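Report on the structure given below.
Predicted model only: the values in this text are computed from it and were never measured. Letters A, B, ... are given to chains in the order of the sequence lines, protein chains preceding strands, and every chain is numbered from 1.
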Amino acid sequence: MVLAKALRRNPRETAALIAETFDGGGLCAPPEIAGPGFINFRLESESLAARCADLLGDERLGVAPAPAPRTVVLDFSAPNVAKPMHVGHIRSTILGDCLGRIARFLGHRVVSDNHIGDWGTQFGMILWGWKKLLDESALASDPIAELLRVYREVNARAKADEALMEECKAELVKLQGGDPGNLAIWEKCVALSKEGLQRIYDRLDVSFDHWFGESFYNDRLAPLVEELLAAGIAEKSDGAVCVFFREDERLAGKPAIVRKSDGGFLYATTDLATIDFRVGELGADEIWYVVGAPQQLHFDQIFAAAKKRGQTVALRFIPFGSILGKDRKMLKTRSGDTVQLADVLDEAVVRARSIIEEKNPELPEEEKASIAEVVGIGSVKYAELSQFRMTDYVFDWDTMLSLKGNTAPYLINAYVRTRAIFRRLGAGFEPGGGRIVLAEEAERSLALRLAQYAETVPSVLDDFRPNALASYLYELATAYHHFWEACPVLKVEGDPRHTRLALCELTGRVLRHGLGLLGIRTTERM
RNA sequence: GCAGCCGUAGCUCAACUGGAUAGAGCAUCUGACUACGGAUCAGAAGGUUCGGGGUUCGAAUCCCUGCGGCUGCGCCA
């Protein structure tokens with residue numbers, strides 16, 4: 001129909017012409033024309049069966065590597081130092097990690113860089129609090145919690161006390177001026193925070209190639225601003241240095257400030273310096289920013305400024321919406337605080353554990369614990385990845401840990417069932433154990449689904465939609481359950497048995513692999 | 001005020017970027033089992049895709065407009 005439109009011809013006639021001249025070469029039956037001009041190709045069972053046999057021998061499960069691999073610097077997670085990660089960081093961390101896994105699998109060179117907020121105004125308050133409010137023993141037992149307590153308290157006090165706010169600013173100025181005492185405290189804070197963050201990343205199975213935080217760029221900022229001024233890209237305005245975008249209708253009234261009137265720099269400055277570094281030192285062809293949607297304007301400005309400087313690197317902003325509570329407001333605890341990521345993970349594991357306890361109490365303790373970890377963390381990740389990143393979504397334990405529907409437990413369970421067959425069989429899959437003959441409709445539709453993995457995985461990167469992969473896996477699991485109901489495996493013999501074992505084996509592999517691309521582990525039992 | 005994102009079943013979400021009768025899950029109702037793991041499956045019901053125009057063979061999707069929600073808008077990050 002697209003072709004007919006371009007040729008300005010009748011869609012049905014065009015379709016008929018194509019259908020007549022098409023030679024399926026044995027792959028599929030003669031095409032049929034339907035509706036306003038659709039052409040339906042029906043795969044022959046033999047070619048579909050041959051495809052399954054190929055997939056069984058293919059570690060990549062049919063997914064072709066990208067024809068033109070790129071070097072992608074992936075900017076995600078990026079929490080602030082001395083503040084705990086809260087649920088808002090969940091999306092960036094999980095989405096970014098997943099996109100990195102998929103890009104790597106497709107053959108791209110992915111350099112993940114955790115651009116942590118380890119420099120900035122918040123350190124004025126932290127330094128003041130460190131000196132006046134710090135509880136050393138609390139710091140020793142739980143550094144992150146103590147840093148948070150201090151930060152919150154100073155923040156609350158400073159809001160109501162202008163003199164205190166000035167003292168905080170003075171501490172910041174000392175730090176920025178290189179005061180040894182403040183620098184030492186700052187370094188200690190950063191080190192402690194990194195340890196705490198790493199523990200969460202370990203649990204999430206997320207890792208980074210680099211942690212080039214904001215402070216890494218400190219001595220590159222002044223020269224950058226001078227260069228911008230010299231090139232006529234930036235200009236002075238009310239004492240500050242700004243980049244204006246007068247030629248751009250949308251950004252015309254919204255300059256990016258790269259140096260404050262007091263001489264300080266801002267995150268726009270850092271972000272521009274960061275682009276230089278990533279292109280120059282990391283060899284980036286593309287930079288992907290997995291950052292919340294509210295930062296849209298900021299990235300529009302940064303990208304426009306980079307373009308003015310002649311940067312040709314492909315800059316991609318990958319925004320996402322907010323996580324809401326059941327009241328449809330930003331997720332908060334009962335006491336009104338932001339919800340901490342570590343608490344979310346703990347609760348997910350506890351809830352998963354109690355479900356396992358109920359369903360399968362006879363499993364060994366140790367196995368129960370590890371299953372609970374996989375299912376709990378997997379559920380949190382899957383809830384995130386299974387929906388379109390831009391929609392604000394409602395955080396709901398019962399939905400994400402449900403054993404039914406589009407959830408991690410359902411998918412992991414489907415995988416477990418594929419393994420159960422072979423456990424019962426007492427042996428692994430034997431590729432030479434017979435012929436694959438797709439006789440039943442449930443076998444055919446499952447095989448078709450399996451063959452579609454090849455096209456589903458690359459499509460995720462078209463618009464950065466992991467939910468497309470999630471939804472494929474869910475449909476695969478559903479197809480497998482239909483097959484399971486309709487086609488007994490171990491009660492038949494010969495080719496039907498081999499065919500069904502092959503389908504179980506392939507389904508298991510695709511589920512495990514696909515969940516792996518989402519950053520979710522599987523278990524053999526649950 | 002200006003800009004961005006969003007608005008789909010009672011609820012939570014899809015819809016391969018312009019295609020066929022808009023699909024799932026939850027909740028509701030009806031069925032199947034002494035089960036190769038029922039942690040399952042079959043079925044029913046549920047819709048003016050926020051309203052109104054437009055573009056075309058064809059619109060949830062693109063354009064215009066109104067309404068509603070969220071977010072951002074020169075010296076925080």
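- Taking the side chain of A/Ala240 as heavy atoms from C-beta on, and the options B/G72, B/C75, B/A20, the nearest nucleotide is B/C75.
- At B/C6, none of the side-chain N or O atoms of A/Tyr393 fall inside 4.0 Å of OP1 or OP2 (strictly under the cut-off).
- If you check distances only, the side chain of A/Arg423 does reach the base of B/G37 with a donor-acceptor pair under 3.5 Å.
- Put simply, the side chain of A/Trp186 gets close to the backbone of A/Asp118: a donor and an acceptor are under 3.5 Å apart.
- Contact annotation: A/Thr391 side-chain N/O to B/A14 OP1/OP2 distance is under 4.0 Å.
- Between the side chains of A/Gln295 and A/Tyr289, no donor-acceptor pair of N or O atoms lies under 3.5 Å.
- Stacking between A/Phe38 and B/A20 is shown: the ring centroid lies under 5.5 Å from the centre of the six-membered base ring, and the planes differ by under 30°.
- For B/G37, neither phosphate oxygen OP1 nor OP2 lies less than 4.0 angstrom from any side-chain nitrogen or oxygen of A/Lys359.
- Of all heavy-atom pairs between A/Arg351 and A/Ser354, the closest is O-OG, 3.1 Å.
- By the 4.0 Å N-to-carboxylate-O rule, A/Asp248 lies too far from A/Arg250 to be salt-bridged with it.
- Rounded to a whole angstrom, the distance from the P atom of B/G37 to that of B/U21 is 42 Å.
- Using the Watson-Crick or G-U wobble rule with both distances under 3.5 Å, B/U48 pairs with nothing in any strand shown.
- Base-pair partner of B/C5: B/G69 (Watson-Crick or G-U wobble, both distances under 3.5 Å).
- Between B/U71 and B/A77, the distance separating the two C1' atoms is 16 Å to the nearest Å.
- With B/C75, B/C41, B/A20 as the candidates, the nucleotide lying closest to the side chain of A/Leu266 is B/C75.
- Look at B/A42: its Watson-Crick or wobble partner, with both distances under 3.5 angstrom, is B/U30.
- The nucleotide whose nearest atom lies closest to any side-chain atom of A/Arg250 is, among B/A77, B/A3, B/U12, B/A3.
- Side-chain proximity of A/His482 to B/C75, B/G25, B/A42: nearest is B/A42.
- For B/G51, the O4'-C1' to base torsion is more than 90° from 0; the nucleotide is therefore anti.
- On a pure distance criterion of 3.5 Å, no polar donor-acceptor pair joins the side chain of A/Asn467 and the base of B/A15.
- A salt bridge is defined here as a Lys NZ or Arg NE, NH1 or NH2 lying under 4.0 Å from an Asp or Glu carboxylate O, and A/Glu247 with A/Lys308 meets this definition.
- Between A/Arg220 and A/Asp276 there is no salt bridge, since no side-chain nitrogen of the basic residue lies less than 4.0 Å from a carboxylate oxygen of the acidic one.
- Salt-bridge check for A/Lys174 with A/Glu167: failed, with every basic side-chain N at 4.0 Å or more from each acidic carboxylate O.
- Checking B/C2, B/A77, B/A39 against every side-chain atom of A/Asn360, the shortest atom distance belongs to B/A39.
- The side chain of A/Ile257 approaches B/G74 more closely than any other nucleotide in the set B/G74, B/A42, B/G37.
- The side chain of A/Gln295 lies closest to B/A77, out of B/U40, B/A77, B/C36.
- Pairing of B/G18, defined by two Watson-Crick or G-U wobble distances under 3.5 Å, is not identified with any nucleotide.
- The side-chain ring of A/Trp484 is stacked on the base of B/C36, judged by centre separation under 5.5 angstrom and plane angle under 30 degrees.
- Between A/His481 and B/U40, a side-chain N or O to OP1/OP2 separation shorter than 4.0 Å is absent.
- Applying the 90° criterion around 0 to the glycosidic angle, B/U17 comes out syn.
- Distances from the side chain of A/Asn40 to the nucleotides B/A77, B/A20, B/G74 place B/A20 closest.
- Contact annotation: A/Arg424 reaches the phosphate of B/G37 (side-chain N/O to OP1 or OP2, under 4.0 Å).
- To the nearest angstrom, P of B/G23 lies 13 Å from CD of A/Glu475.
- Look at A/Arg465 and you'll find a side-chain N or O under 4.0 angstrom from OP1 or OP2 of B/A15.
- Rounded to a whole angstrom, the distance from the P atom of B/A60 to that of B/G23 is 12 Å.
- Taking atom P in both B/A39 and B/U34, the straight-line distance is 15 Å, to the nearest Å.
- Among the nucleotides B/G74, B/C41, B/A3, the one closest to the side chain of A/Glu485 is B/C41.
- The base-pairing partner of B/G25, taking Watson-Crick or G-U wobble contacts with both distances under 3.5 Å, is B/C11.
- OP1 or OP2 of B/C36 has at least one side-chain nitrogen or oxygen of A/Lys491 nearer than 4.0 Å.
- Checking B/C73, B/C5, B/C36 against the side-chain heavy atoms of A/Leu297 singles out B/C73 as nearest.
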